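Inspection log for the structure reproduced underneath, given as C-alpha cells.
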Amino acid sequence: MSHDDEDEQSQSRATKGFQAALSAAASGRPESEQDFDEDSGDDDGADAIEETIPDSFTPREALVSAAFADALTPAIKEALKSSSSRAIVISVPSTAWISPVKDLFARRPFGRKWTCIARDGADRKGHQPSSGNAEAATALSAGASVVGVAVAPEQVLPSTLVGAADFRLSLKFGPKVVEEAIRKICGSATPVEQQDLMGLDLEDVVAAMRPGSTEQDVKARLSSAAKTRVRQTGGDDAPLLQTAVEYGAAREWALALARDMCEYQAGNLPWSAVDRGAVFHSGPGMGKSVLARSIARACESTLIVGSMGELFATSSGYLDGVIKAQRDLFAKAVAAAPCILFLDEIDGLPSRESLSPRNRDWWMPIIEDFMLLLDDATSARREGVVVIGATNRIEAVDPAILRPGRLERAIEITAPGPDGILNILRFHVRGSLPDEDLRSAAEKLDGATPAEIMEMVRSARRAARIASRELSAEDLMQAILPPIAISPTKLRRIAVHEAGHVVVAIVAGVGTVRSVRIGGRQGAGGVTSVASASTDLATRQSIEKEILGALGGRAAEIVLLGAPSGGAGGSDRSDLALATRLVASMELSLGLGQSGLVFVGDADAAVEELRLDRTVRNRVDETLQRLQARACQIVESHRDQVLAVADALIEKTFLSGEEIENILAGTHIRDGGVLDATDAGSILS
C-alpha cells in the first residue's frame with residue numbers, strides 16, 4: 001500500500017454514526033452535541049456534518065472507530081480540537097487494519113484534511129524509514145496535517161514523520177473494542193472474552209457480524225472461529241499446567257511465568273521482572289504445542305500461533321511477502337497483549353552460520369527483520385508479549401536467537417516418566433476409565449511420546465465406537481499392545497534381540513531397565529527402555545557403556561542365532577546409528593577419543609565428517625567393532641539369562657522392569673551373574 005496525498009474531490013463522506021463517534025472521542029462530549037472544528041481555510045470538514053448520510057455503521061467502520069476511540073487519551077482529544085497542523089503515527093494490529101484506518105482519515109475527522117502515509121512493508125525499497133522523508137517534511141512545514149499508518153511504524157514509515165509525531169496511537173484488538181463494535185452493529189453486546197478472539201483478526205470479526213445477527217450470534221461465531229484458528233476443539237483442550245508433570249523443567253519454568261504474569265496483570269510486578277522468552281526443544285511428538293496452550297491457559301493470555309512454514313504458506317512466498325507475513329504475526333501478538341506468541345519450527349529460520357553464499361542474499365533480510373521484530377516484542381518497553389519458540393533441532397537454531405535478551409532459555413522436553421504418562425492418559429481419557437485401569441496401561445506405555453499416547457487413546461476410542469459401546473480398559477490395552485502378526489522365526493529373532501539389550505544394559509551398568517516390548521513406534525521390531533544410571537557428566541567409560549547397551553541386541557543375534565540381521569540398522573533411530581553417533585562424538589566433538597583432542601563440531605558435524613574422511617571413519621569403525629566384540633562376550637557369559645528374557649517376551653510381548661527382575665533373579669544373575677567392579681573395569685578397558 002503506497003502513501004498518497006488524497007485529492008479533495010475523491011473524499012468520501014462520513015456516515016452519521018461513524019463521524020459522530022469520532023467527534024465524541026475527540027472532545028469527550030456526547031455524540032448528539034458534536035460538531036467538527038473547522039480547519040483553517042478548509043470548510044469541507046464542517047460541511048460534511050450537514051450532508052444527508054446513512055444512519056448505520058458497517059462492521060469495519062464499527063471496529064475501527066471503536067479501536068480509535070479506545071486509543072485516544074484525554075490530552076489527545078483536547079489537542080485534536082484545535083485547528084493547528086498535527087502529525088500522528090498510528091500502529092495497527094495487522095495489515096488488515098491499514099486500509100480501513102486510511103479510509104477513516106479520508107473522511108476528514110476532526111474537521112481537517114489529512115495527508116495519509118500508509119505502508120504495509122510489501123515494497124522493500126519504498127517502505128523504508130529513509131523513503132518519503134521529503135514529502136512528509138514538506139507537508140508538515142506547509143501546515144498540513146499528516147497521519148502515518150503501519151503495523152511497525154519505526155520500520156516502514158518515514159523517519160521524519162515518526163520523529164515529528166505529536167501523538168503516537170496504538171490501536172488494540174481486544175474484547176473491549178470488539179464489544180463496542182458489536183454494540184454499534186447490534187444495539188447491545190454480550191461480554192466477549194479474550195479466548196473468543198484467539199488467533200482472529202479484523203476480517204474474522206467482520207465476517208461474524210452478518211445482517212440480522214444478534215450479539216449472541218456474533219459471539220458464537222467468534223468463539224467457533226477462534227477455536228478453529230488456534231487448532232482447539234474446546235476450552236478444555238489444553239491440560240492444566242499445574243498437573244502436567246510430564247513436562248519437567250519446562251513446566252517449572254512455565255509455572256513461574258504464570259505466577260509472574262498474574263502478578264504483572266494485577267499491577268504488583270513490573271514487566272521488566274517477567275521472563276519474556278524461551279525455546280522448547282525435543283524429539284518429535286513430545287507435546288511442545290500442547291504445552292504452549294497450557295501455558296496460555298495458566299497465564300490467562302491469548303495464544304498466537306505461527307511457524308516459518310506458515311509464513312510461506314500464508315504469503316506469496318516471495319521475499320517481500322514473507323517479511324510482511326512475519327511482521328503481521330508479531331504485530332498481532334503486540335496488539336493482543338498480554339499474550340503468548342508461540343513460534344513452532346523455529347529452526348525453519350536458518351542459522352546465518354549455515355547459509356551458503358547462494359542463499360545468503362535471499363535469507364539475510366528475513367533473518368535480520370525477524371531479529372528486529374523479536375527484539376521489539378521482547379523489549380522491556382513492549383509490555384505483555386512472551387515469545388516461546390519450539391524446535392526438534394536445537395542445534396540448527398541461530399545462536400543469536402538464544403542470546404540473553406531474546407529467547408535466552410533453551411529447555412529440553414524429554415520423554416515422560418510413569419507419572420507423566422499417567423497424567424497424559426487421564427487427560428485424553430477424560431474420566432472414561434478409572435485410575436486403576438490407567439495405571440496398568442501407563443506401565444505398558446513406558447518410552448512412548450505424548451503424541452503416541454494420544455494416538456493410542458484415539459485408536460481405542462475408535463474401536464469402542466465401531467462396536468457401539470463406551471471405551472473400556474480392554475480397548476485401551478488392545479491399542480497399546482496390539483496382536484503380533486509375524487512369523488514365529490521373526491518373533492524369536494526380535495525377542496532375542498531385545499533380550500540382548502536388556503541383559504547387556506544390566507551387566508554393563510548402563511542403567512535400570514524399565515520395560516521391554518515387542519513392537520514399537522515407527523515400525524520398530526521392539527523397544528527396550530533404560531533409565532540411565534549416570535549422574536555425572538559424560539566420560540569415555542559412561543559413553544562406552546551406552547554403546548555396549550546399543551549393540552547388545554545385535555550381539556545376542558550373533559551369539560544365539562548364529563548371525564545378525566539388518567534390524568540393528570537402517571534408520572537414523574537405529575542401534576547402529578546411535579552407536580556410531582556416540583563414537584563419532586567422542587572422537588570429534590567431546591575430546592574423549594583415543595587419537596586426539598580435535599573439535600570438528602557438534603554431533604551432526606561429527607557424523608558428517610565420517611562421510612567425508614575415510615581415515616576417521618575407519619577409526620570409528622574400529623571402536624565399534626571392539627565394543628561389539630565385548631557385547632558378544634557379555635551375551636556369551638549370560639546366555640541363560642538372555643534366553644530366559646527372550647522366552648518370556650515371546651509369551652507376553654511386554655515385560656515390566658519388575659517382571660524382568662523376577663526372571664533374572666530366577667536365573668541367579670543377581671547372585672553371581674552380574675560383573676563386579678573389577679570385571680566391569682576389564683570389560684570397558
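In this text the structure is predicted, and so the values were computed from the model without any measurement. When a residue number appears, it is its place in the shown sequence, counting from 1. Note that these values count all heavy atoms, side chains included, but never hydrogens, waters or copies made by symmetry.
- With salt bridges taken as basic N to acidic carboxylate O contacts below 4.0 Å, none links E622 and R619.
- Electrostatic pairing of R554 and D575 does not count as a salt bridge here, judged by no charged N lying under 4.0 Å from a carboxylate O.
- For the residue pair E470 and S432, no side-chain donor N or O sits within less than 3.5 Å of a side-chain acceptor on the partner.
- Going from atom CD1 of I346 over to atom CE of M308 covers 9.0 Å, rounded to the nearest 0.5 Å.
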Step-by-step side chain to side chain contact (heavy atoms under 4.5 Å, CB included) determination, I411 to Y247: CA-CA 10 Å; I411 306 173; Y247 288 111; over 6 Å; no
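- How far CG of L551 is from NE2 of H501: 8.5 Å, rounded to the nearest 0.5 Å.
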Pair V583-I543, side chain to side chain contact (heavy atoms under 4.5 Å, CB included): steps then yes or no: CA-CA 8 Å; V583 177; I543 294 175; over 6 Å; no
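- Judged purely by distance below 3.5 Å, without hydrogens or angles, the side chains of T615 and N618 never pair a donor atom with an acceptor atom.
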Residues 477-492, side-chain donor-acceptor partners within the protein, below 3.5 Å, at least two apart:
residue : atom : partner : partner atom : Å
S487    : OG   : K490    : N            : 3.2
R492    : NH1  : D647    : OD1          : 3.2

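- Rounded to the nearest 0.5 angstrom, F599 CZ and L588 CG are separated by 10.0 Å.
- For the atom pair OG1 of T449 and CD1 of I413, the computed distance is 12.0 Å after rounding to the nearest 0.5 Å.
- Using a 4.0 Å cut-off between a side-chain N of Lys or Arg and a carboxylate O of Asp or Glu, D604 and R581 qualify as a salt bridge.
- Under the side chain to side chain contact (heavy atoms under 4.5 Å, CB included) test applied with L433, the options V457, L425, L438 reduce to a single match, L438.
- Between V496 and the options V645, V559, L561, V635, a side chain to side chain contact (heavy atoms under 4.5 Å, CB included) holds for only L561.
- Of the possible donor and acceptor atoms, one in the side chain of S589 sits under 3.5 Å from a partner among the backbone N and O of G601.
- Proximity of a side-chain donor or acceptor of T580 to a complementary backbone N or O of A577 within less than 3.5 Å is not detected.
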